[in-house]
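To keep things clear, I will list the structure first and then write my remarks on it.
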There are 2 protein chains.
Amino acid sequence: MVFVSSPMPPRPGRRSRITELPREPLSRERIVDAAMAIVDAGGLDALSMRSVALALGTGPASLYAHVASKEELLDLLIERVAVGLERPEPDAEHWQEQVKDMVRAIHYGLLAHRDLARASLANIPLGEGALTWSDRLIEILKLGGLPDQVVAYGVDLLPLYAVATAYEYALNAERMSSEEGERYIQEIREYFAALPPDRFPHVVALAGPLTAGGTEGERFEFGLDVLVAGLAAYGR
Amino acid sequence: MVFVSSPMPPRPGRRSRITELPREPLSRERIVDAAMAIVDAGGLDALSMRSVALALGTGPASLYAHVASKEELLDLLIERVAVGLERPEPDAEHWQEQVKDMVRAIHYGLLAHRDLARASLANIPLGEGALTWSDRLIEILKLGGLPDQVVAYGVDLLPLYAVATAYEYALNAERMSSEEGERYIQEIREYFAALPPDRFPHVVALAGPLTAGGTEGERFEFGLDVLVAGLAAYGR
DNA sequence: ACCTGAACACCGTTCAAGT
DNA sequence: ACCTGAACACCGTTCAAGT
């Protein structure tokens, strides 16, 4: 909360307007902080150059001295998430579980910021945080004895999966509160079950597993198993 | 092109304003046609309610009598693509190849319309076209002897892969013309190779395979192999 | 060098009014 | 019932002007 219209009178003693008036100057860091707070509070749709500027008590034009475009700002948000990801100490014995841990880290790291995953699908992450993460993943995949080309594909395929599933999940979460979520799933199940069986026999028959089919986490883990097992099959 | 300010005089003879003035009325169909043409010509960024209205010679407000929102219009575009997808005749002998064919169909079907895949990641497709497609995929996966729960996961996982890879590819394609594409890949490769090897040893070492690594099609096929083989492992 | 106000060229959607 | 003009409440970005 920012008190603009009715500020407290200056404190008695040394602190005068000198420390108050020239408020902290803008910086990339402060802009990213404010942007992340907005995403956390209202999702990616709430993020605009204007909303960031407002939160920082300035106008949108002022941001362009520190950030080239909204797209760059989104990149910086992704990079911020990447920097915070846990990276396991490589251990050939448990390389498959370590790969899974790294994929889980992006997936849940993104989900911690609402639908931020949407901004992550857009571009090859080339920031330092993303690159150190990639470097570690390559190292672990190599420990698994995979050929270079398989490693190269894997380092693309695994984060694609992590991000796409995070995006899919976040979109549904964004659309509905938790109770509405239950009802929505229920509605889809009923919709599937009520379809004309002569035209969609297999969808109708599978209405249960298609929708109930375990929690979201189980779904994610299933795909992760498939991918890691599939990659491992190329190992020595 | 629409001549509004200087219309031609009415042709001599029978054709009078009667057949000319009441131009074809709006309809969902015409709106979707116009929207798809805009996406094909300029990508998803060029699509707005206003650009569609302009193409139809009307104002944006007029569209809302036939389409609830821009989101619904996007759904209709996806459904239009889904209706046109090829569906193989189920054959237990070749179920894995048939699954691949269906995944390729969505992937390339979306890519035929620029970055339309972006609109497809957003929501569970519930249109008739999408459902008949799903029904056929379920049928084929069952022919492969997969347990119901694996089928249910697969019918989610496979289109997710098809769409996410189409989106990724289209974004890069959207950003650059074909020659620029080569140069861009080249630049990334050089960037990777020029990174400090003490901090990113594995990225630097793999700069070649990471970027060159075959055509986009090979990348896509690799992931498809991994997924289908991974699913098949759950079969009887 | 950094910041700002004002403007430009857009958005999706609503609504009262027309036919 | 279908369509429209005008308006509302927004966008990202630019640019001349200020300090």
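Numbers restart at 1 for each chain; the letters A, B, ... are given by sequence-line order, proteins then strands.
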message: Quick check: closest heavy atoms across B/Arg104 and B/Glu221, and the distance to 0.1 Å?
response: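 Heavy atoms of B/Arg104 and B/Glu221 come nearest at NE-OE2, 2.7 Å.
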query: What pair of heavy atoms forms the shortest contact from A/Gly223 to B/Leu157, and how long is it?
result: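 For A/Gly223 versus B/Leu157, the nearest heavy atoms are CA-CD2, 4.0 Å.
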[X] side chain, from C-beta outward: closest of [options]:
{"X": "A/Met49", "options": "C/dC3, D/dG12, D/dT4", "result": "D/dG12"}
{"X": "B/Tyr64", "options": "C/dC3, C/dG12, D/dG12", "result": "C/dG12"}
{"X": "A/Ser69", "options": "C/dT14, D/dC11, D/dT13", "result": "D/dT13"}
{"X": "A/His66", "options": "D/dT13, C/dC3, C/dT13", "result": "C/dC3"}

query: Quick one: on DNA chain C, does B/Ala61 or A/Arg50 contact a more 5' nucleotide (nearest heavy atom)?
result: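 Residue closer to the 5' terminus by nearest nucleotide: A/Arg50.
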query: Do the side chain of A/Asp135 and the main chain of B/His202 share a donor and acceptor less than 3.5 angstrom apart?
result: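 Confirmed, A/Asp135 side chain pairs with B/His202 backbone.
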- request: With rounding to the nearest 0.5 Å, note down the distance linking OG in B/Ser134 to CG in A/Leu210.
  value: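 If I round to the nearest 0.5 Å, the distance is 8.0 Å.
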Whole angstrom value for the distance that separates [atom2] of [N] from [atom1] of [X]:
{"X": "B/Leu63", "N": "C/dG12", "atom1": "CG", "atom2": "P", "result": "10 Å"}
{"X": "A/Ile31", "N": "C/dC2", "atom1": "CD1", "atom2": "P", "result": "12 Å"}
{"X": "B/Glu71", "N": "C/dC11", "atom1": "CD", "atom2": "C1'", "result": "16 Å"}
{"X": "A/Leu44", "N": "D/dC11", "atom1": "CG", "atom2": "C1'", "result": "14 Å"}
{"X": "A/Leu73", "N": "D/dG12", "atom1": "CG", "atom2": "P", "result": "10 Å"}
{"X": "B/Leu54", "N": "D/dG5", "atom1": "CG", "atom2": "P", "result": "13 Å"}
{"X": "A/Leu26", "N": "C/dA1", "atom1": "CG", "atom2": "P", "result": "17 Å"}

- prompt: Does D/dC2 have OP1 or OP2 sitting under 4.0 Å from an N or O in the side chain of B/Ser62?
  reply: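 For D/dC2, neither OP1 nor OP2 has a side-chain N or O of B/Ser62 closer than 4.0 Å.
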query: Can you tell me if the side-chain N/O atoms of B/Ser48 get under 4.0 Å from OP1 or OP2 in C/dC11?
result: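 Yes, within the criterion.
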- request: Enumerate, in order of first residue number, the stems that involve DNA chain C, defined as 3 or more consecutive Watson-Crick or G-U wobble pairs with both distances under 3.5 Å.
  value: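 Looking at DNA chain C, the stems formed by three or more consecutive pairs are C:4-8 with D:12-16, C:12-16 with D:4-8.
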- prompt: According to the interplanar angle, ranging from 0 to 90°, do the rings of A/Tyr161 and A/Phe220 count as parallel (below 30°), tilted (30 to 60°) or perpendicular (above 60°)?
  reply: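 Parallel.
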message: Strictly below 4.0 Å, N to O, side chains only: are B/Asp33 and B/Arg30 in salt-bridge contact?
response: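 Looking at B/Arg30 together with B/Asp33, the answer is no, because their closest N to O distance does not fall below 4.0 Å.
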task: Could you work out the separation of C/dC10 and D/dA9 based on their P atoms and round it to a whole Å?
output: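 About 22 Å, rounded to a whole number of Å.
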task: Dump the intermediate steps for salt bridge (Lys or Arg N to Asp or Glu O under 4.0 Å) on A/Asp45 and A/Arg114, then the final yes or no.
output: CA-CA 10 Å; A/Asp45 280 340; A/Arg114 307 280 287 260; over 6 Å; no
